[in-house]
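What follows is a short report on a single structure.
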Amino acid sequence: MEEKKGRFLRWPWNVVVYVLLALVLRLSAVPVILILMWVQRKNNPHGISEGYCLSRTRKQLTELIWAFLLLVVSVSLFCLFKVWLEQDKTYWETMDYVKLAVCGAAGPLLLIGGLYLGYTAVRDTFFPARSALAQSIRNQLPYPDESPPVDELFAMVDKDLMENAQWFGPVGIGREWVLGDRANKIDRIRGIFVVNKIHQHHTETGIRTSRNMELVLIDDRWQRTVTSFNNLKDLQAAADCLALRVPEARRGANSENIDFWTMDEAAREDFEREFRQKQNRRASERIQRETLDSGPQDMILHQIDGQVTSRVTGSLVDEQFRLCQEQGEGHFILIPNRPVEAEADTFQALHVSVSEGRIWLLMELQNQPGYGPAKELDEREARRILSGWLCREAPDTVSWELRQVNTPDSRQGTADQVRQSHTRLSLVYASGAAENHTTFTKEDVQIAAEGIVNGTYQLVDLTHSVGYLWIQVTAGDKSDVRCTVEATKPNGEKLEFYKAKLPPREAAEWLTGYPYGRFLPGGRDWKRIKK
C-alpha cells in the first residue's frame, strides 16, 4: 500500500505536469497545481519513495509559485506607481503622497523578495548539493570542508529516519537526527523552544487573527533552526520527544529562545559546562542501573579494540557484537572471575568471533586452555547465548565441535599485551597533584575527559599503543577558557606534531575519540609544531 502511494506524481514528472498546466491554463493553473501538490504530499507525506532529505528539497519548488505571485504584484505596483506619478497633483492630499511613497518602496522590495525566493527554490530543487538542508548537515560534521557528496550526506539522515523515525507533522525524529526545515544532530541540541503566538491585525473590515506555531532548536554552535507547524499537538509532542532524548537541553516558550540564543560567551561556557556535568551524571546513573540489573560484576570484557574493562553490561556487549557485524569481522572475549560450570564441563572464557559475516562462538575449557567446543550460529542464537553467559549460564555444547583458539591462549596473550604495552595516562589535578597510570580502560579516559570539562584536571596526557598516538590536553584559564590540545599525526615512518586551541567540550571529544581514529589533527584550527 505504501509503494502505491509513493508512485503518485514522483519527481520529475510532477514538475513536467505543473509546467504543462501553467503553459496551457496560465494563471488559472495555480489552484490546480496547488491541489495536485496537496494530493502528492498526502500520498507521500514524508518523501520515503526518493529519500526524506531529497524530497524535502524538492518541496521547495512550491516557493516558485509564491515567487511568481510576488513578481506579479511588484510589476503591478510599478505600473500603478508610474500612473500615479504622471497624474496631476494639484488636488492631492497628504494621504495620496503617502500611497505614492508606499507604492514606490513596496515595488522594489517585492521584486527583490520574489527574485530571492525564486533563486532559493531553484537552487534547493535542482541543485540539492547547494541546498540549505545539505549545508545544515554538512556544518555539523567534524570536518565540514571535507564532507562527502550530497547523496551520502542525505543517506546518513535518511537511514536513521527510515529505521527509527517518529513523525510529528513536518518533523521527523530519529535516533541521531531531527529533520525539519533543516537537519539537526540530536546530541548537539542545547535548546528546545516552542513558539505559540496569536497576532491580531486591525483592518478596515475588523480585526484579523493569525497564529504562529514554531519549533525552535539551538545547537552547540549556537545556530538557530526554526520549523513551522500547523498543529499545536504535533508541535508539543515533537518538543516533548526531543526533551526525552536530550533532557539536559534548555526548555522554554516564545521569546525565551531569543534570550537563550543571545547569551554572551561567558554564559554559554557556563551552560555548556553544566550541560556536560548533567550528561555525565545521567550516563553514570544509567551504567549503575544496568550494573544492578545485570547482577554482581564478576566478568571481564576484552573488547575488539584491545581495551579491557570490568564494567560489563548488556548494552556494552551488544555494542561489541554490533561493531563486529558492521565491520564483517572482529573478536571479543568474556571472561568470568570464576569459571562457569555446566553439566559435563567447566568453562573459563567465551570467545565471540565474526569472520566474513559468519558468527562463531567458542567456549574455552578450564582443564584444557586454548581449546573448547565451537559452533557457527545465527545472530539470534548467538545473542541468546551471550545473554545467558552474562548470568553465568553455559549452553548445551553436545553438538559443538572441539576446536583450538586462534592463539594458544588468547586470553593470556591479551593480558600480556596490556601489561607490556607502552600506553600511559598522566593526570594533573587542578590542585597540582599528579598521578600516572600504565594500565587503564576506555572508561578511565572518558572520566579524564569529563574532568577537563568540569575543571577537575588541569592536564591530561595520553599515549596510546596503537600507531604510537599521543595527545595532551591542557585546560585554559580565566583569560582564555579554551584548552590547548597537542597531538601527533603519523606520516609514513615519521610523526608530525600539531597544536590547537579548542573549547573544553571539543577537547574532551578529541581526547576520547582521537586514539580510535575518529579525528585527525592538521585541519583548519591546527598549527604544526616541532618537538
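Treat the numbers as computed from the prediction; the structure is a model and nothing was measured.
Contact between Pro336 and Arg392 at its shortest, heavy atoms only, is CB-NH1, 3.7 Å. Taking every heavy atom of both residues into account, Leu511 and Val445 meet most closely at O-CG1, 3.8 Å. Here the closest heavy-atom approach between residue Ser131 and residue Phe154 is recorded as OG-CZ, 4.2 Å. When all heavy atoms are compared, the tightest approach of Ala449 to Thr512 is CB-CG2, 3.6 Å. Of all heavy-atom pairs between Cys483 and Ala475, the closest is SG-CA, 4.0 Å. Counting all heavy atoms, side chain and backbone alike, Gly370 lies closest to Glu364 at N-OE2, 3.0 Å.
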Decide salt bridge (charged side-chain N to carboxylate O under 4.0 Å, His left out) for Arg276 and Glu509; before the verdict, give the C-alpha distance in whole Å, the side-chain angles of both, and the deciding distance to 0.1 Å.
CA-CA 12 Å; Arg276 291 290 181 180; Glu509 291 175 0; 3.2 Å; yes
Mind running side chain to side chain contact (heavy atoms under 4.5 Å, CB included) on Val317 and Leu390 for me, showing each step along the way?
CA-CA 9 Å; Val317 174; Leu390 291 175; 4.1 Å; yes
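Using a 4.5 Å cut-off on side-chain heavy atoms (C-beta onward), Trp400 and Leu361 make contact. A 4.5 Å side-chain heavy-atom check between Phe193 and Leu215 finds every atom pair outside the cut-off. Residues Phe347 and Ile335 fail the side-chain proximity criterion, which asks for heavy atoms closer than 4.5 Å. For the pair Leu334/Leu386, a side-chain contact is recorded, criterion being any heavy-atom separation below 4.5 Å from C-beta on. Between Phe332 and Leu301, some side-chain heavy-atom pair lies under the 4.5 Å cut-off. Side-chain contact between Leu153 and Pro148: present, with at least one pair of heavy atoms (C-beta onward) separated by less than 4.5 Å. Put simply, the side chain of Leu242 reaches to within 4.5 Å of the side chain of Ile189, judged on heavy atoms. Contact check for Leu427 versus Leu459: no side-chain heavy atoms found under the 4.5 Å cut-off.
With sequence neighbours left out, Glu401 forms a salt bridge (Lys or Arg N to Asp or Glu O under 4.0 Å) with Arg403. Looking at residues two or more places apart in sequence or on another chain, you find a side chain to side chain contact (heavy atoms under 4.5 Å, CB included) between Arg221 and Asn139, Gln140, Arg188, Asp219, Gln223. For Phe127, there are no ring-ring contact (aromatic ring centres under 6.0 Å, His included) partners at least two apart in sequence or on another chain. Among residues two or more places apart in sequence or in another chain, the side chain to side chain donor-acceptor pair (under 3.5 Å) test is passed with Arg528 by none. Applying the side chain to side chain donor-acceptor pair (under 3.5 Å) rule to Arg384 yields the partners Glu381; only residues at least two apart in sequence or on another chain are considered. Every residue two or more places apart in sequence or in another chain that forms a side chain to side chain donor-acceptor pair (under 3.5 Å) with Tyr498 is listed here: Glu496. For Lys375, there are no salt bridge (Lys or Arg N to Asp or Glu O under 4.0 Å) partners at least two apart in sequence or on another chain. Partners of Glu319 under the side chain to side chain donor-acceptor pair (under 3.5 Å) rule, at least two apart in sequence or in another chain, are Arg322.
Annotation: Glu341, atom CD; neighbour count of heavy atoms from other residues, nucleotides and ligands within 6.0 Å does not exceed 12.
For the pair Glu274 and Lys278, the salt-bridge criterion is met [side-chain N within less than 4.0 Å of a carboxylate O]. Between Arg268 and Asp220 there is no salt bridge, since none of the side-chain N atoms of the basic residue sits less than 4.0 Å from a carboxylate O of the acidic one.
Identified under the side-chain hydrogen bond (donor to acceptor under 3.5 Å, both in side chains) test for residues 444-454, with sequence neighbours left out: Thr441-Asp444, Asn454-Thr456. Sorted by first and then second residue, the salt bridge (charged side-chain N to carboxylate O under 4.0 Å, His left out) pairs with a member in residues 161-176 read Lys159-Glu163; sequence neighbours excluded. Applying the salt bridge (charged side-chain N to carboxylate O under 4.0 Å, His left out) definition to pairs two or more places apart or across chains, those involving residues 346-362 are Arg358-Glu376. Applying the salt bridge (charged side-chain N to carboxylate O under 4.0 Å, His left out) rule to pairs touching residues 130-141 yields nothing, sequence neighbours excluded.
From Arg424, atom CZ reaches atom OG1 of Thr463 across 5.0 Å, with rounding to the nearest 0.5 Å. Put simply, CD on Gln368 and CD on Gln348 are 10.5 Å apart, with the number rounded to the nearest 0.5 Å. The CG atom of Asp396 lies 10.0 Å from the CD1 atom of Ile385; values are rounded to the nearest 0.5 Å. For the atom pair Thr225 OG1 and Ile218 CD1, the distance stands at 9.0 Å (nearest 0.5 Å). The NZ atom of Lys233 sits 14.0 Å away from atom CZ of Phe168, with the distance rounded to the nearest 0.5 Å. For the atom pair CG (Leu462) and CD (Gln472), the distance works out to 10.5 Å, reported to the nearest 0.5 Å.
Side chains of Glu248 and Gln279: a donor-acceptor N/O pair is absent below 3.5 angstrom, by distance only. Side-chain polar atoms of Trp167 and Asp234 form no donor-acceptor pair below 3.5 angstrom. Between the side chains of Thr484 and Lys499, no donor N or O sits under 3.5 Å from an acceptor N or O. Side-chain atoms of Tyr514 and Thr488 include a donor-acceptor pair closer than 3.5 Å.
Ring-plane geometry between His331 and His351 is classed as parallel, the angle between the planes falling under 30 degrees on a 0 to 90 degree scale with a further cut at 60.
For the pair Arg245 (side chain) and Gly174 (backbone), a donor-acceptor distance under 3.5 Å is present. A side-chain donor-acceptor contact under 3.5 Å links Arg56 to the backbone of Gly180.
Tested against Met363 for a side chain to side chain contact (heavy atoms under 4.5 Å, CB included), the candidates Thr346, Val340, Leu350 yield a single pass: Leu350.
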